[in-house]
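A quick note: this is a predicted structure, and the numbers were derived from the prediction, not measured. Proteins get letters first, then strands, A, B, ... in listed order; numbering begins at 1 in each. All heavy atoms count here, side chains included; hydrogens, waters and symmetry mates do not.
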Amino acid sequence: MVDTSVAQLTLTPEQVFRDYGPRVYNLARRMLNNDADAEDVTQDVLLQVVRKIGTFRGESSFPTWLHRVTVNAALAHRRKASYRQEKTTADPMEAFVDDGRHLTPIRSWGLRPDQEAMDKETQQLVEDAIATLPDTFRDVYLLADVEGLPNAEIAEMLELSVPAVKSRLHRARLLMRNSLAHHFEEAVA
Amino acid sequence: MKITCRQVVEVLFEYVEGELNEEVRQQVKVHLESCPPCVAYVQSYHVTVKMSRKLEPKPVPESLRERFMKASQNLPPDGPSQGAGR
């Protein structure tokens, strides 16, 4: 990654593609659930980067700008393509009986939070779970828990309040957890 | 006051983000001391977030690189007055 804390940024198109292509492409791909559309968005965003990179003079705002431009381009592409498909998902807060206990048995997962590398199969399970999230939850989840952006920044990008971002993120995490649970819960002996 | 599993899940975001007030945080803590399903639930919530942060990027298709390089050669120069789009 290029150090944006120094002097004016001057990069060749090749460098722009190498340094920013993967980040832009993968965010667009996950937001749109479509490789071809992600390629179109990536092309548009990287061309904007080539045109404007010289206007950044060592400003740390460049990564924020890049995220924002990518999100805007992906959202515009989604609207243009009219392929917004709101998926119906089970409400995680309905998985309880009347007295507030879990409706189904909850078992430990065979994974630990500090476990380092993920194998390819596990990576794909997580990618698939993200892909099944409804758009409104997936956008927030990607920006917060995959990209690691602060909630306030996400709120600004998606034109939401910070409480709305937190609420959607919580819901998205519950949907993700439930989606992955049957893959990772340890079998009962 | 005792809280239910459902109530624990309801406040889980604030609990893991450290945003709960002390009284509710204590209630969650007490609940977790005697509820193995909720302990497993909280642990799996953490794992889900951790795994998402570790997702690796897929490589950008070579065909896109070629397309982008071609397009970038025909790009008109951007005037300084247009700024950086902020």
Tell me whether B/Glu17 is salt-bridged to A/Arg173, with the criterion being a basic N under 4.0 Å from an acidic carboxylate O. yes
Under 4.5 Å heavy-atom distance to chain B, tell me which part of A/Gln48 shows up: side chain, backbone, both or neither. neither
A/Asp99 versus chain B, the contacting section by heavy-atom distance below 4.5 Å: backbone
State, to 0.1 Å, how close B/Pro37 and A/Ile106 come at their nearest heavy-atom pair, and which atoms those are. O-CG2, 3.3 Å
Taking side chain as C-beta onward, heavy atoms only, is B/Ser72 less than 4.5 Å from A/Leu47? yes
Hey, is the main chain of B/Glu56 close enough, under 3.5 Å, to the side chain of A/Gln123 for a donor-acceptor pair? yes
With a 4.5 angstrom heavy-atom cut-off, is it the side chain or the backbone of A/Asn72 that approaches chain B, or both, or neither? neither
Which region of A/Tyr25, side chain (C-beta onward) or backbone (N, CA, C, O), has a non-hydrogen atom less than 4.5 Å from a non-hydrogen atom of chain B, or is it both or neither? side chain
For B/Ser52 against A/Tyr141, the heavy-atom pair lying closest together: OG-OH, 2.5 Å
Counting only heavy atoms closer than 4.5 Å, note whether A/Ser179 contacts chain B via side chain, backbone, both or neither. neither
Report yes if the side chains of B/Cys38 and A/His102 come closer than 4.5 Å at any heavy-atom pair, otherwise no. yes
Polar side-chain atom of A/Asn26 near backbone of B/Lys58 as donor-acceptor pair, under 3.5 Å: yes
Using atom types as modelled and distance alone, determine if a side-chain donor or acceptor of B/Arg6 lies under 3.5 Å from a backbone N or O of A/Met93. yes
Scored by heavy-atom pairs under 4.5 Å with chain A, the best of B/Leu64, B/Val16, B/Thr4, B/Leu12 is B/Leu64
Could you check whether any side-chain heavy atom of B/Leu55 comes within less than 4.5 Å of a side-chain heavy atom of A/Ile130, counting everything from C-beta outward? yes
Can B/Arg65 and A/Glu14 be counted as an ion pair, charged N to O under 4.0 angstrom? yes
How long is the gap from CZ on A/Phe184 to OG1 on B/Thr48, to the nearest 0.5 Å? 8.0 Å
Under 4.5 Å from a heavy atom of chain B, the part of A/Ser167 involved: neither
Side chain / backbone / both / neither for A/Leu180 at chain B, heavy atoms under 4.5 Å: side chain
How many angstroms lie between atom CZ of B/Arg67 and atom CD of A/Glu39, to the nearest 0.5 angstrom? 6.0 Å
Between B/Tyr41 and A/Leu174, is there a side-chain heavy-atom distance shorter than 4.5 Å? yes
Does the pair B/Ser44 and A/Arg177 meet the rule for a side chain to side chain donor-acceptor pair (under 3.5 Å), with working shown? CA-CA 7 Å; B/Ser44 59; A/Arg177 194 218 77 88; 2.7 Å; yes
Interchain contact, B/Met69 with chain A, by part (heavy-atom threshold 4.5 Å): side chain
